[in-house]
Amino acid sequence: MENSIALMAIVVENPDSVARLNQLLHDYSAYILGRMGIPCQERGLNLISVALSAPGDVISALSGKLGQLPDVTAKVIYART
């Protein structure tokens with residue numbers, strides 16, 4: 001199966017979810033091209049962007065698992081190539 005290139009945007013509004021989020025990203029680290037986190041302390045949240053190269057079902061699975069965490073939102077955009 002051919003890999004898709006995607007960018008995942010993650011908004012974390014609950015600091016208690018960070019440990020599980022980091023574990024999930026570690027579990028999928030073979031597919032992660034890069035990651036950037038930005039703390040927004042004045043709003044009490046964190047923004048994370050993750051660049052991925054993976055089959056579509058793997059990207060969807062990760063996004064779904066992240067979205068099940070309390071106060072975590074994950075959205076994916078795919079490259080056209």
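All values derive from a computational prediction rather than experimental measurement.
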Interatomic spacing from [atom1] in [X] to [atom2] in [Y] - rounded to 0.5 Å:
X	Y	atom1	atom2	result
Ile5	Leu33	CD1	CG	5.5 Å
Ser17	Gln68	OG	CD	12.0 Å
Ser53	Asn3	OG	CG	4.0 Å

Taking atom CD as the centre, does Glu2 end up with more than 12 heavy-atom neighbours from other residues, nucleotides or ligands that are less than 6.0 angstrom away? no
Within 6.0 angstrom of Gln23 CD, more than 12 heavy atoms from elsewhere: yes
Please give the remaining members of the hydrophobic cluster of Tyr31, linking ILVMFWY side chains under 4.5 Å, ordered by chain and number.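 Tyr31 clusters with Met8, Ile10, Val12, Val18, Leu21, Leu24, Leu25, Tyr28, Ile32, Ile48, Val50, Leu52, Val58, Ile59, Leu62, Leu66, Leu69, Val72, Val76, Tyr78.
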Indicate yes or no: at least one non-hydrogen side-chain atom of Ile38 is less than 4.5 angstrom from one of Met36. yes
Trace of the side-chain contact (heavy atoms from CB on, under 4.5 Å) decision for Leu47 with Cys40: CA-CA 7 Å; Leu47 306 173; Cys40 293; 3.8 Å; yes
Looking at residues at least two apart in the chain, or sitting in another chain, which of them share a side chain to side chain contact (heavy atoms under 4.5 Å, CB included) with Asp16? Asn14
Could you tell me which non-hydrogen atom of Ser63 sits nearest to which non-hydrogen atom of Ala74, and how far apart they are? OG-O, 3.7 Å
Considering all heavy atoms of both residues, which atom of Leu7 and which atom of Ser49 are nearest to each other, and what is their separation?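 For Leu7 versus Ser49, the nearest heavy atoms are CD1-CB, 4.3 Å.
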Look only at the side chain of Ser60 and the backbone of Asp57, and say whether a donor-acceptor pair between them is shorter than 3.5 Å.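 Such a contact is absent between Ser60 side chain and Asp57 backbone.
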